[in-house]
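The structure appears below as structure tokens.
Each residue takes its place number in the sequence, starting with 1.
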Amino acid sequence: MRSNYDIIVVGGGHAGCEAALAAARMGRETALVTINKYDIARMPCNPAIGGLAKGQLVREVDALGGEMGRCIDETGIQFRMLNRAKGPAVWSPRAQADKAAYHRRMLGVIECQERLSLVEGECTGIIVGGGAVEGIEIEGCSLRGKRVVLALGTFPNGLMHIGEKKIPGGREGEPPACRISDQLVRLGIERKRLKTGTPARLKRSSIDFSKCEEQKGDEDPVPFSFRTERIDIEQLSCYITFTNDRTHRIIRENLDRAPLFSGQIQGVGPRYCPSIEDKVVRFADRERHQLFLEPEGLETEEIYINGLATSLPMDVQEEMIRTIQGLEEAEIVRYGYAIEYDFYPPYQVFPTLESRKIGGLYIAGQSNGTSGYEEAAAQGIIAGINASISISGGKPVIPARHQAYIGVLIDDLVTKEIDEPYRMFTSRAEHRLLLRQDNAEERLFRFGVRCGLVDREAWKRMVVRRKRVGSAHRRLLGEVVPAKDCNKLFSRVGETGARVAQRAASLLRRPRVGIEELEKALPGGPLGLGAREREALEIRVKYEGYIRRQRRVAERLLQLDLINIPGDFSFDIDALSTEAKEKLNMFRPVNLGQASRISGVRTADLSILMVYIERHRKDGKKGKGVE
């Protein structure tokens, strides 16, 4: 084991893996420190990658040169494109994972990666000198590093709850990380508490699936990674069942034993993924709640009950589960539990994810208050990239809100107060039609290529594909379909329309006309595009006006992001509202766009800031209060 590295990554979860791989692939001597290498990229909760908005994050990590997309493509056991019934802005890929295979595959990639050393041991603290990080302490020895990325997950002062029982731990079977969290506080970093949870796991052979609704994967699954040609595996089914009145009665009768309601748990849980006891109380009028029975792998009997996270006592969990249709004889393999842990409010980091308090220290994943493997991986790759770039003094990678969901995620973290685990949704992105799951490469390849994480051949293939789609688009704009062929087309798809010749692009804009049907009517014959190119063309034509409008809005908003706020600028300006001064001093926005997205900062406050920023530039002095 070396003692000196360029970059040290602490934590082997999804954030740590992406950070370490990005740093090593960018040519930095990197150490990934984890207590046990056989816990690398574990999935302690839901055995799945992707989902609503999360699938977009995975695609973006992949477009930056990350590993998560390729890993799930090789180890997934069911693939589905969610929200197909809605517009393409909210289509999201999701895959059930063989969690053991996913871990093995990611561990193999890490062990084979050049310039990446896997170090087993507990990080007990960071070494700081002159306000900057110099390395870490690990079980009696020290590792020196120019940059350190902390991706600690739920381990900082982790405390698990099962009924009245409290067990110190970062997750089941693993000890918490207390010393490093306490040291960060001594170094001036603020911390708070959050809570998350997980459901029980059931033995597959004890479930009567005939009483449940089968949910199959897509017949022609779409890969996550641009490097995957196709998914060609036999997919497993998931199953749907529901809670009922008896389930809810048992939960209500035992709320006094539920840590969430007895006062035993102090941390705030996720609003959009609550425990079953929380759902029963908050939605008392609901007669049932949907549950998904999801296999955890090909070589395990464990079934995950998605939607039934709980910290109720073991005996209550057993009684509750056996009231559910199909689970009357179910055997519990592992009980559900809640976990409280420390996180470090992310207004303490720059958009690069570097700490504002300690130079060279980067924080990523659940340590920033987020929830989910995908949100963690997205932060991890950004932290790894920017830590690497900072060593040579290059321009950091900070995707804007109109460029990536990753940009939305990080911007939200550094401009909003996190009082519950942050989860990504499509509704958080104001430009979501620009941030579709199908165009992640077009949006982010340039960053991946610049960092050396995406090869130029992939870039060239993307450019060729974009040109082919553009050429086909121009053809549709110019090609006229005769009236008789228009009528045949309308008859086939059930459309109504005037008996006149029409331009091909106008026909494709009709709701029921797809590219496949349109090509049969084109005088010039088929367009000669691949399946992916055809989908891109159809989206471009059908949503052209909306896309153009969103781009104009994004460009206007971007003007505020281009007005940088100097690092030594003082927000103690008398003309600003008291709330604005308080929030601006807390979040320290780096540009006026970020300032505009901070709750409590009014339009009038932005006008005042613009005047004082300009004055600061002219006289080289800090902004002063109004005389």
Just jot down the side chain to side chain donor-acceptor pair (under 3.5 Å) partners of [X], sequence neighbours excluded, or say none.
| X | value |
| --- | --- |
| E442 | none |
| E375 | K54 |
| E441 | R465, R532 |

Exercise: identify the closest heavy-atom pair between [X] and [Y]:
| X | Y | answer |
| --- | --- | --- |
| V133 | L361 | CG1-N, 3.9 Å |
| L518 | A504 | CD2-O, 3.8 Å |
| R80 | G217 | CG-CA, 3.8 Å |
| S225 | D73 | N-OD2, 2.9 Å |
| Q96 | C238 | CG-SG, 3.7 Å |
| I40 | H103 | O-ND1, 2.7 Å |

Taking [Y]'s backbone N and O only, do any of them form a donor-acceptor pair with [X]'s side chain (distance below 3.5 Å, no angle check)?
| X | Y | answer |
| --- | --- | --- |
| D62 | F226 | yes |
| R356 | F587 | yes |
| D342 | R191 | no |
| E374 | L57 | no |
| Q379 | G365 | yes |
| E18 | M68 | yes |
| R42 | D39 | no |
| K192 | F343 | no |
| T426 | A53 | no |
| S367 | A151 | no |

From [X] atom [atom1] to [Y] atom [atom2], the distance as rounded to the nearest 0.5 Å:
| X | Y | atom1 | atom2 | result |
| --- | --- | --- | --- | --- |
| L236 | I77 | CG | CD1 | 4.5 Å |
| N591 | I565 | CG | CD1 | 6.5 Å |
| L557 | L562 | CG | CG | 11.0 Å |

Do [X] and [Y] have side-chain atoms, one donor and one acceptor, less than 3.5 Å apart?
| X | Y | value |
| --- | --- | --- |
| E354 | S390 | no |
| S92 | Q56 | yes |
| T75 | D98 | no |
| N386 | T352 | no |

Does [X] come within less than 4.0 Å of [Y], counting only side-chain N to carboxylate O?
| X | Y | answer |
| --- | --- | --- |
| E544 | R548 | yes |
| D6 | K146 | yes |
| R597 | D412 | no |

Among R105, H14, Q113, exactly one meets side chain to side chain donor-acceptor pair (under 3.5 Å) together with E67. Which residue is that?
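Result: among R105, H14, Q113, R105 is the only option passing the side chain to side chain donor-acceptor pair (under 3.5 Å) with E67.
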Does [atom1] in [X] sit with more than 12 non-hydrogen atoms of other residues, nucleotides or ligands closer than 6.0 Å?
| X | atom1 | answer |
| --- | --- | --- |
| Q559 | CD | yes |
| R84 | CZ | yes |
| M586 | CE | yes |

For a salt bridge (Lys or Arg N to Asp or Glu O under 4.0 Å) check, start with the C-alpha distance between E457 and K460, then their side-chain angles and the critical distance, and finish with the verdict.
CA-CA 5 Å; E457 288 304 311; K460 290 176 183 176; 3.5 Å; yes
Taking the side chain as every heavy atom from C-beta outward, state whether [X] and [Y] have any pair of such atoms under 4.5 Å apart.
| X | Y | answer |
| --- | --- | --- |
| R28 | S392 | yes |
| P589 | L584 | yes |
| L118 | L116 | no |

Can you say whether the rings of W459 and F445 are parallel (under 30°), tilted (30 to 60°) or perpendicular (over 60°)?
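Geometry flag for F445 against W459: tilted rings.
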When you look at I539 and N439, which way does the side-chain contact (heavy atoms from CB on, under 4.5 Å) test go after all the steps?
CA-CA 11 Å; I539 291 171; N439 68 352; over 6 Å; no
Verify side-chain contact (heavy atoms from CB on, under 4.5 Å) between Y341 and T196, making sure each step is shown before the conclusion.
CA-CA 9 Å; Y341 56 94; T196 189; 4.0 Å; yes
side-chain contact (heavy atoms from CB on, under 4.5 Å) for L150 and I180? Distances and angles first, verdict last.
CA-CA 10 Å; L150 293 183; I180 187 168; 3.9 Å; yes
Do R428 and Y422 form a cation-pi contact, if we require the NZ or CZ to be under 6.0 Å from the six-membered ring centre and within 45 degrees of the ring's axis?
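That pair qualifies as a cation-pi contact.
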